[in-house]
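Take a look at the structure below.
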Amino acid sequence: MSKQKVRVRFAPSPTGPLHIGGVRTALYNYLFTKKLGGDMLLRIEDTDQTRYVPGAEDYIIESLKWCGIAYNEGVGVGGPHAPYRQSERKSIYRQYIQHLIENNNAYYAFDTPQHLDEIRKQHESQKKTFQYDQTNRLQFCNSLVITAAETKARLESDTPYVVRIKIPQNEEIFVNDLIRGQVRVNSSQLDDKVIFKSDGLPTYHLANVVDDYLMEISHVIRGEEWLPSAPLHVLLYRYLGWEDAMPQFAHLPLLLKPEGNGKLSKRDGDRLGFPVFPLQWTDPNTNEISSGYKESGYLADAFINMLAFLGWNPGTEQEIFSMEQLIEAFSLERVGRSGSKFDPEKAKWFNHKYVQQMNNEILAQLVTPELALKVIHPDNRLLLTIVGLVKNRMTFVHEFWNQASFFFYAPNNYDSKAVKERWNAESAYTMKTVSTVIQTTQPFTAQDAKARVMHHIAQQQLNTGQVMNALRLLIVGASKGPDLFEIIQIIGKEETLQRIKKGITVLG
RNA sequence: GGUCCGUUCGUCUAGUCGGUUAGGACGCCAGGUUUUCAUCCUGGAAAUCAGGGGUUCGAGUCCCCUACGGACUGCCA
C-alpha cells in the first residue's frame with residue numbers, strides 16, 4: 001500500500017433526484033474516507049446532456065447536506081481540481097482520447113446510430129445480442145477499415161464520429177475488488193465501447209477514469225452495477241499509462257425493492273408505499289411529487305443510521321450509531337456482498353428510537369411550528385413537560401398533535417370504541433361525584449388530585465379501573481395518553497370540571 | 001442468450017483460522033408492568049444455513065456441480 005492520501009468521490013449524474021441507494025453510496029464513501037482521515041469530493045457526471053434534469057444537481061447537494069455528508073471538495077465548494085462538473089471539463093478529455101488513438105488503443109468509428117440500431121434489431125429478432133467487438137469490428141465503418149486519408153477527410157469534413165476503445169483479444173483482466181476479491185474477465189468478452197461521443201463529450205467510462213486519475217482518487221466506492229464495466233476501466237488505466245495510480249475498487253451490493261425483486265430505482269417513487277428519496281422531489285416536467293424522508297418526518301440521524309445498516313454492520317449488537325460513531329466503526333470489510341431489501345418497518349423503528357433519545361428541548365422546538373400554525377403558543381416550561389409526557393408514544397415528530405391535542409383543546413368527540421367499553425349506566429353519576437372531589441381539591445396538583453380521587457374510590461368502594469377509564473374518556477376523548485392526573489394538572493381545575501360536565505351531558 | 005456477482009429466520013444480519021443448542025435486531029405472537037394507549041420488561045414461534053455431491057473424525061464455514069436471484073449487455077450513467 002502506498003502512503004497516498006485517501007480521497008474518494010461521489011459522482012452522481014444529475015438525471016433526477018438521488019434515491020436512497022445513491023445516498024447510501026455517498027454515505028459509505030464518507031464514512032470510509034473520514035475514518036481514514038481522507039477527503040471526499042462531489043463530482044457531477046453530466047456528460048449526457050439529453051438526460052439532464054434541471055434542479056437535480058441542487059437536489060443532490062441539498063440531500064447530502066441534510067444527511068450530514070459533508071464533502072470537502074467539488075461542486076458547490078470548489079477545490080484544486082475544479083471544475084467538478086464534467087460538462088465543464090470537456091476540453092480536458094480530448095488529449096487523452098488522442099493519446100489512446102495514437103497508441104492504437106482506440107479508433108474512430110463512423111457508423112451511424114441508425115445503422116447500429118438496425119443491426120441490433122436484427123440480432124434481437126434472432127434472439128442474439130449484438131456486440132461491436134473484435135470479432136466484427138472490421139465489418140464496420142471505422143478507422144481500422146478505411147484508409148488514413150479517408151479517415152482524415154471525414155474528420156475534416158465534420159462527419160459525425162465516435163471513438164471506440166480497441167479491446168485486446170484474449171487477455172485476462174483482473175479487477176481487485178475490496179468487497180468481492182479478485183474478479184477475472186477475459187477481454188474477448190468485452191465490446192469496443194464508445195468512449196467519446198459524436199457530441200464531443202466522453203462517455204462515463206472515459207470521463208470517469210480520467211477524472212478519477214486527475215483528481216487523485218484513491219478508492220472508487222460505487223454500486224455493483226459498475227462491476228461489469230470495471231475491466232474496461234482497468235484497461236483504460238493501463239492504456240493511459242496510469243496503472244500504478246489506479247484507485248482501489250469497492251463495488252457495493254445493491255438495494256433491492258422490498259416486494260419481489262430487482263434493484264430499487266428512481267422510478268419507484270412512492271409506488272412502494274414509502275419514500276425512496278431523501279428529500280421531496282417535484283418532477284420539473286410532470287410536476288409529479290415524490291415524497292422524501294425528511295418531509296415524511298424522518299430525522300436525518302435516524303435515516304443515516306438506518307441506511308448505514310443496509311449492507312453493513314459493526315459485528316457487535318449495537319444498532320444505534322451517531323454519524324461520529326459510524327465513522328469510528330466503519331470498514332469496507334464489514335460490508336456484505338449480497339443485495340438487501342429495504343424494510344420500511346425497520347426504518348420506522350430507527351426513527352422511533354431517535355425520537356425517544358432526543359432531549360425535550362429539541363423536540364419542543366421541532367413541535368413548535370405545528371402548534372404555531374394552530375395558533376397555540378404554549379409557555380416553554382409547559383411545552384417541555386407535555387413533550388416529556390407524550391414522547392414515548394411518538395415515532396414521528398408530526399405525531400405529537402395526535403398524542404397531545406387534549407392538552408390544548410377539550411375533546412370534540414369521544415372515541416366510539418372507548419365509549420362502548422368504558423362508559424356505562426352508572427358512569428354519569430360516578431363522574432359527578434368525582435367532579436365534586438376535584439372541585440374541592442386544593443392545591444390543585446396531580447398528586448393531590450390523585451390522592452383525593454383514590455380516596456373517594458376506596459371510600460365508595462368503586463372500581464378503580466372503571467372510574468379512571470371513564471374519567472379519561474371525558475378528559476382525553478379516547479383511551480390513550482399519559483398519566484391522567486398529570487393531564488388534569490396541566491389543563492387545570494376549571495378546564496377539568498368543564499370537560500367532565502360536558503362529557504356527562506354528551507354521553508349521558 | 002452471453003458475461004459477471006450473489007444465495008444463513010418473512011426482512012436486515014452475526015458467523016472472518018471448519019468443532020455454535022446457528023446469535024442479535026425489525027416485524028409477529030403471548031405474558032408482565034400501567035387507571036388507558038404507548039413505552040418498557042420477560043418469553044415464544046420463526047433459518048434441515050438454496051439443493052446435491054465431495055474433502056474431513058467433524059462443514060453454514062473448504063472444493064465442484066446444479067438451481068434460483070440480481071446486475072450488465074446504449075453515441076445512459
Side-chain angles (χ1 to χ4, degrees), chain A residues 11-15 45-48 50-51 109 111-113 116-117 120 123 126-132 160-164 175 177 179-180 183-186 188-191 193-199 201-205 207-208 222-231 251 253-254 256 258 261-263 306 309-319 333-334 336-350 352 356 390-395 403 418 421-422 450 453-454 457 463-473 476 478-485:
Chain A
S13 154
T15 56
E45 311 228 324
D46 55 352
T47 52
D48 184 0
T50 63
R51 290 212 307 156
D111 316 276
T112 65
L116 294 175
D117 267 0
R120 223 167 249 120
H123 280 253
Q126 293 168 44
K127 295 213 160 185
K128 285 182 186 167
T129 307
F130 168 67
Q131 192 168 284
Y132 198 122
Y161 70 93
V162 300
V163 176
R164 288 181 180 271
V175 179
D177 188 279
I179 291 171
R180 275 147 235 285
V183 177
R184 186 175 68 163
V185 179
N186 188 292
S188 298
Q189 307 292 341
L190 271 32
D191 65 327
K193 276 258 169 344
V194 170
I195 53 178
F196 190 79
K197 301 179 287 174
S198 58
D199 65 0
L201 281 165
T203 59
Y204 171 87
H205 307 290
N208 196 259
R222 82 236 285 198
E224 197 187 357
E225 67 267 30
W226 293 109
L227 194 51
S229 52
H251 290 93
L254 266 15
L256 277 12
N261 280 308
K263 82 169 173 172
M306 174 274 290
F309 269 72
L310 243 38
W312 170 86
N313 77 84
T316 65
E317 288 182 0
Q318 185 184 344
E319 288 201 271
E333 290 96 77
R334 297 209 62 88
R337 280 145 303 165
S338 52
S340 25
K341 289 181 187 170
F342 177 72
D343 181 6
E345 287 305 319
K346 187 103 185 201
K348 283 182 193 162
W349 176 79
F350 271 109
H352 180 254
Q356 298 322 302
V390 303
K391 185 160 78 169
N392 64 17
R393 276 146 243 270
M394 298 161 56
T395 292
Q403 293 299 335
E421 289 170 0
R422 317 286 194 203
K450 181 173 184 174
V453 172
M454 287 308 169
I457 287 170
N463 178 302
T464 309
Q466 266 173 30
V467 174
M468 293 304 296
N469 285 326
L471 184 57
R472 175 177 294 276
L473 183 58
V476 173
S479 291
K480 66 173 187 189
D483 185 279
L484 190 52
F485 294 104

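Numbers restart at 1 for each chain; the letters A, B, ... are given by sequence-line order, proteins then strands.
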Phosphate OP1/OP2 of B:C75 contacted by A:R164 side-chain N/O (<4.0 Å): yes
Base partner of B:G69, which must satisfy Watson-Crick or wobble distances under 3.5 Å: B:C5
Distance between P atoms of B:G69 and B:U8 (Å, rounded): 15 Å
Pairwise C1' distance for B:A22 and B:C5, with rounding to whole Å: 26 Å
Rounded distance in Å between the P positions of B:G58 and B:A71: 40 Å
Gap in Å between the two P atoms, one belonging to B:C40 and one to B:C26, rounded: 9 Å
Nucleotide forming a Watson-Crick or wobble pair with B:G60, both distances under 3.5 Å: none
Short side-chain N/O contact to B:C75 OP1/OP2 from A:R120, under 4.0 Å: yes
Touch class at under 4.0 angstrom, heavy-atom based, for A:S479 against every strand present: base
Heavy-atom side-chain contact between A:K193 and A:R164 under 4.5 Å: no
Under 3.5 Å on both distances, the Watson-Crick or G-U partner of B:G43: B:C29
Length of the CZ-C1' vector between A:R337 and B:A14, whole Å: 13 Å
Span that lies between the P atom of B:U11 and that of B:U16, in whole angstrom: 23 Å
Residue-level proximity of residues 465-472 of chain A to RNA chain B when a heavy atom falls under 4.0 Å: A:M468, A:N469, A:R472
Check ion pair A:E224-A:K263 (N to O, under 4.0 angstrom): no
Nearest-Å distance for atom pair CG/C1', residues A:L256 and B:G69: 9 Å
Identity of whatever pairs with B:U16 - Watson-Crick or G-U, under 3.5 angstrom: none
A:T203 vs B:C76: side-chain N/O to OP1/OP2 distance below 4.0 Å: no
B:G10 versus B:A47 - spacing of their P atoms, nearest Å: 7 Å
Sugar-phosphate only, base, or nothing, as touched by A:D483 at under 4.0 Å among non-hydrogen atoms: base
Sugar-phosphate, base or nothing in reach of A:L227, heavy atoms under 4.0 Å: sugar-phosphate
C1' atoms of B:U61 and B:G2, separation to the nearest Å: 32 Å
